[in-house]
Amino acid sequence: MRFSKAFVPTLKEAPKDAVTPSHVLLLRAGFARMVGAGLYEMLPLGLRVQNNISNIVREEMDATGAQEFRMPALLPADYFKESGRWESFGPTLFRMKDRKDGDYHLGPTHEEIITDLARREISSHKQLPLNLYQIQTKFRDEPRPRAGLLRCREFLMKDAYSFDVSEDAARESYATMRAAYQRIFERLGLDYRIVRADSGAMGGSTSAEFQVLAQTGEDRIVACTQCDFAINLEADETLSEGKPCPECKTPLEQYLGIEGGHIFILGTHYSEKMGAHFAGTDGKQQPLVMGCYGIGISRLVAAAIEQQHDDQGMCWPPSIAPYQVVLCPIGKDETVTAKAEELYTQLREHNIEVLLDDRDTRPGAKFKDADLIGIPHRIVIGAKSLANNQVEYKPRTASEATLVSTSDAVTAVLK
RNA sequence: CGGGGUGUAGCACAGCCUGGUAGUGCGCAAGCUUUGGGAGCUUGAGGUCGCAGGUUCGAAUCCUGUCGCCCCGACCA
């Protein structure tokens with residue numbers, strides 16, 4: 001992509017309403033704009049990151065045998081009325097009427113809808129286990145949307161639902177999802193902890209949160225530095241920083257986290273309430289045993305920024321960066337322009353996503369924007385070094401650039 | 001939903017107390033000069049001062065109401 005043609009409206013000053021680092025940077029770097037409280041436009045760079053996250057999630061879900069599908073976001077009220085959540089969800093549910101005065105709502109989560117699908121379509125143990133997932137916009141009329149993309153009223157979520165013949169089988173499905181989530185969060189390049197949590201209103205028996213560690217996290221968690229133990233302090237208020245780990249006695253450390261994912265075994269809560277049964281090997285009807293697994297995709301865009309930024313801007317992990325490399329030709333020297341175009345072509349031939357800063361602007365502005373946007377690799381092409389057949393290479397998080405020969409520029413990025 | 005803020009150009013703000021022609025910086029456009037960490041000068045475009053009432057000869061400014069947005073708290077599968 002040529003920067004001169006890209007819609008990347010960067011700002012020197014942050015709009016005053018933005019306070020949280022990710023919110024400020026999303027606006028300043030031209031990744032997102034606000035439409036209303038908890039409602040954002042994802043501009044091209046923001047959407048590229050969000051799509052990168054979605055794709056990693058999709059690949060790892062598919063690898064477990066889960067299948068992508070899609071439920072409507074606009075839903076008749078019948079299903080939530082049947083489960084009781086039409087009442088219990090309260091004002092958080094976006095409600096509306098259709099032209100025939102029927103009750104409808106926008107989907108905040110889809111347990112009821114998929115349980116209805118399951119009771120219609122699953123009749124035998126031979127169809128199990130089954131795991132279906134979707135990546136879809138969810139709607140919740142939060143009492144207080146806040147911090148940009150961290151808590152929105154409309155947000156992108158991956159939600160998966162598993163169906164099994166028994167509690168034991170459900171635990172296996174849960175373990176599979178847990179392992180898949182670990183691969184997902186590893187690939188996203190985020191520092192995270194798997195945390196025991198209060199299973200809350202879902203009524204589940206087993207659950208874990210995937211917490212992205214960040215200074216601005218809303219959740220207080222303590223974790224062991226030696227073993228895997230970690231817990232949300234919401235779930236156990238007797239623990240705190242410095243107390244011995246319940247499993248290995250090492251002093252616990254406290255972190256702040258942003259909930260990026262949550263996995264549950266639901267059991268037969270919804271299947272019993274809604275009559276989702278199947279015939280077991282003995283021919284007798286029994287309720288499906290369910291699990292559900294969420295990842296807040298749009299929230300992870302913000303969480304990644306919260307965790308990985310500095311005073312100059314974003315610092316994207318390469319796996320989700322909007323572009324891998326930014327090329328900054330300096331000055332109008334023809335050899336510089338020609339070399340920049342050559343590298344631009346070369347990098348793209350290696351399937352590397354490149355942003356060529358071909359704008360007619362001073363070097364300082366290019367560097368500031370490159371840092372702000374957080375592209376992992378920067379190559380500066382200047383007349384002086386080019387005379388020695390060299391360009392400057394600098395990873396976003398490095399303090400100094402190094403000179404590399406023009407022929408090594410592509411490999412510097414690749415490694 | 002309680003508490004606290006805040007709405008004036010795309011962004012950040014001043015003006016309001018003490019009513020009298022709508023201001024500044026950044027950004028944007030054009031021109032000249034510049035060119036390695038957000039350049040300088042000149043000229044220019046851009047506003048129903050959140051909205052609705054009221055007071056007044058006259059309201060961004062005073063009064064009443066209302067809406068939006070932000071922060072803290074409560075809430076948050």
Side-chain angles (χ1 to χ4, degrees), chain A residues 9-20 23-24 27-30 33-40 80 83-85 88-93 107-115 138-148 150-153 155 157-161 197-204 207 209 216 218-219 232 234 258-259 261-266 269-270 290-296 299 311-313 328-333 336 357 359-373 378 380-386 391-392 394 399-401 403:
Chain A
T10 58
L11 301 168
K12 282 192 192 174
E13 287 181 284
K16 68 169 187 312
D17 284 345
V19 174
T20 313
H23 192 194
V24 170
L27 296 173
R28 281 198 56 212
R33 289 292 185 262
M34 187 176 79
V35 172
L39 303 170
Y40 287 83
F80 269 53
S83 72
R85 290 211 286 188
S88 66
F89 236 98
T92 301
L93 202 58
T109 178
H110 285 244
E111 284 79 11
E112 286 86 345
I113 316 307
I114 196 161
T115 303
K138 298 286 192 251
F139 300 87
R140 294 180 196 179
D141 195 356
E142 294 284 352
R144 184 152 93 88
R146 56 174 295 269
L150 283 175
R151 180 175 296 288
C152 282
R153 295 195 292 174
F155 57 97
M157 180 171 173
K158 187 281 299 180
D159 47 324
Y161 305 89
D198 195 350
S199 40
M202 294 300 291
S207 82
E209 292 173 349
T216 45
E218 289 186 294
D219 293 317
N232 194 320
E234 245 176 33
I258 298 163
E259 184 183 341
H262 205 158
I263 57 178
F264 297 87
I265 292 183
L266 292 171
H269 180 80
Y270 288 96
M290 295 172 57
C292 74
Y293 317 91
I295 292 181
R299 172 181 281 181
D311 57 354
Q312 291 300 304
C328 298
I330 300 302
K332 287 180 179 167
D333 191 292
V336 167
D357 197 344
R359 295 175 299 172
D360 180 18
T361 183
R362 295 164 65 90
K366 292 187 181 185
F367 298 153
K368 288 286 184 187
D369 275 343
D371 286 346
L372 183 58
I373 292 166
R378 189 187 77 188
V380 177
I381 305 114
K384 280 178 220 157
S385 46
L386 194 56
V391 293
E392 280 171 39
K394 185 175 109 52
S399 51
E400 299 292 331
L403 286 170

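Heavy atoms only: backbone and side chains are in, while hydrogens, waters and symmetry mates are out. In what follows, every chain begins at residue 1, and chains take the letters A, B, ... in the order their sequences are listed.
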- Item | Spacing of the P atoms in B:G15 and B:U24 (rounded, Å) | 15 Å
- Looking only at heavy atoms, what is the nearest atom pair of A:Gly294 and A:Met157, with distance? CA-CE, 4.0 Å
- Taking for each residue the nucleotide of RNA chain B with the nearest heavy atom, is it A:Lys138 or A:Thr20 whose nucleotide lies nearer the 5' end? A:Thr20
- Message: Rounding to an integer number of Å, can you tell me how far A:Ile330 CD1 sits from B:U34 C1'?
- Response: 15 Å
- Nearest-angstrom distance from the residue atom CG of A:Leu386 to P of B:G36: 16 Å
- Proximity to the side chain of A:Asp17 - top-ranked nucleotide from B:C70, B:U6, B:G36: B:C70
- For nucleotides B:U18 and B:G54, find the distance between their P atoms and express it as a whole number of Å. 24 Å
- Task: Measure distances between side-chain N and O atoms of A:Arg144 and base N and O atoms of B:G4, and say whether any donor-acceptor pair falls under 3.5 Å.
- Result: no
- Choosing from B:G25, B:G36, B:G38, which nucleotide comes nearest the side chain of A:Glu13? B:G25
- Message: From CE of A:Met34 over to C1' of B:G50, roughly how many Å is that when rounded to an integer?
- Response: 13 Å
- Minimum heavy-atom distance A:Thr20-A:Ala147, with the two atoms named: OG1-CB, 3.3 Å
- Item | Distance, C1' atom - from B:U21 to B:U33, rounded to whole angstrom | 37 Å
- Note on the structure: The Watson-Crick or G-U wobble partner of B:U66, with both key distances under 3.5 Å, is B:G50
- Item | Any donor-acceptor pair under 3.5 Å from A:Lys332 side chain to A:Asp360 backbone | no
- Query: When we call it a touch if two heavy atoms are under 4.0 Å apart, what does A:Asp159 touch: a base, just sugar-phosphate, or nothing?
  - Reply: nothing
- Message: What's the gap between B:G47 and B:C28 when it is taken at their C1' atoms, as a whole Å value?
- Response: 15 Å
- Of A:Ala18 and A:Pro108, the one whose closest RNA chain B nucleotide lies more 5': A:Ala18
- Item | Value in whole Å for how far the P atom of B:G36 lies from NZ of A:Lys394 | 18 Å
- Which base sits across from B:U56 as a Watson-Crick or G-U pair, both distances under 3.5 Å? none
- Message: Both distances below 3.5 Å, Watson-Crick or wobble geometry, any strand: find the nucleotide opposite B:U61.
- Response: none
- Message: Nearest whole Å is fine: how far is B:U8 P from A:Lys16 NZ?
- Response: 6 Å
- If B:C1 has a Watson-Crick or G-U wobble mate with both distances under 3.5 Å, name it; if not, just say none. B:G73
- Please report, rounded to the nearest Å, how far the C1' atom of B:A74 is from the CZ atom of A:Arg151. 12 Å
- Taking only side-chain nitrogens and oxygens of A:Arg362, does any of them come within less than 4.0 Å of OP1 or OP2 of B:A39? yes
- How far does the P atom of B:U6 sit from the matching atom of B:C62, given to the nearest Å? 13 Å
- Message: Using atom P in both nucleotides, what's the gap between B:U43 and B:A52 to the nearest angstrom?
- Response: 37 Å
- B:C71 and B:U55: how far apart are their C1' atoms, nearest whole angstrom? 35 Å
- For the pair made of CG in A:Leu150 and P in B:C75, what is the distance, rounded to whole Å? 19 Å
- Message: Using 30° and 60° as the class boundaries, would you call the ring planes of A:Phe80 and A:Phe89 parallel, tilted or perpendicular?
- Response: tilted
- Message: Regarding A:Ala147, tell me which of base, sugar-phosphate or nothing describes its non-hydrogen contacts under 4.0 Å with the strands shown.
- Response: sugar-phosphate
- Query: Taking CG from A:Asp311 and C1' from B:G38, how many angstroms apart are they, rounded to a whole number?
  - Reply: 15 Å
- Backbone N/O of A:Thr10 and side chain of A:Arg28: donor-acceptor pair under 3.5 Å: no
- Considering only atom P, compute the distance from B:C49 to B:G20 and round it to an integer number of Å. 15 Å
- Item | Identified side-chain contact (heavy atoms from CB on, under 4.5 Å) counterpart of A:Ile258 within the set A:Glu209, A:Arg299, A:Arg151 | A:Arg299
- Query: Any donor-acceptor pair under 3.5 Å joining the side chain of A:Gln312 to the base of B:G38?
  - Reply: no
- Compare every heavy atom of A:Arg359 with every heavy atom of A:Ala365, then report the nearest pair and how far apart it is. O-NH2, 4.1 Å
- Task: Could you tell me whether the phosphate oxygens of B:C72, OP1 or OP2, come under 4.0 Å of any side-chain nitrogen or oxygen in A:Arg146?
- Result: yes
- Item | B:G27 phosphate, OP1 or OP2, under 4.0 Å from A:Lys12 side-chain N/O | yes
- Decide yes or no, distance alone: a donor-acceptor N/O pair under 3.5 angstrom between the base of B:G36 and the side-chain of A:Glu392. yes
- The side chain of A:Ala365 lies closest to which of these nucleotides: B:G38, B:G25, B:C71? B:G38
- Message: Which nucleotide wins on minimum distance to the side chain of A:Lys368, given the candidates B:C76, B:G37, B:A12?
- Response: B:G37
- Query: Would you say the side-chain atoms of A:Tyr161 pair up with the backbone N or O of A:Thr115, donor to acceptor, closer than 3.5 Å?
  - Reply: no
- Looking across every strand, which nucleic acid part, if any, lies under 4.0 Å from A:Arg378 by heavy atom: base, sugar-phosphate, or nothing? base
- Checking B:C69, B:G36, B:C76 against the side chain of A:Val380 (C-beta onward), the nearest is B:G36
- Picking from B:G36, B:C69, B:G38, the nucleotide nearest the side-chain atoms of A:Asp369 would be B:G38
- Item | Any donor-acceptor pair under 3.5 Å from A:Lys366 side chain to A:Pro329 backbone | yes
- Task: Give none if B:G31 has no partner; otherwise give the nucleotide forming a Watson-Crick or G-U wobble pair with it, both distances under 3.5 Å.
- Result: B:C41
- What nucleic acid atoms does A:Lys332 come within less than 4.0 Å of, heavy atoms only: base, sugar-phosphate, or nothing? base
- Please work out if A:Ala14 contacts a base, only the sugar-phosphate, or nothing of the nucleic acid, heavy-atom cut-off 4.0 Å. sugar-phosphate
- Message: Please classify the nucleic acid contact of A:Arg33 as base, sugar-phosphate, or nothing, using heavy-atom distances under 4.0 Å.
- Response: nothing
- Hey, does A:Pro15 reach any base, or is it just sugar-phosphate, or nothing, if we go heavy atoms under 4.0 Å? sugar-phosphate
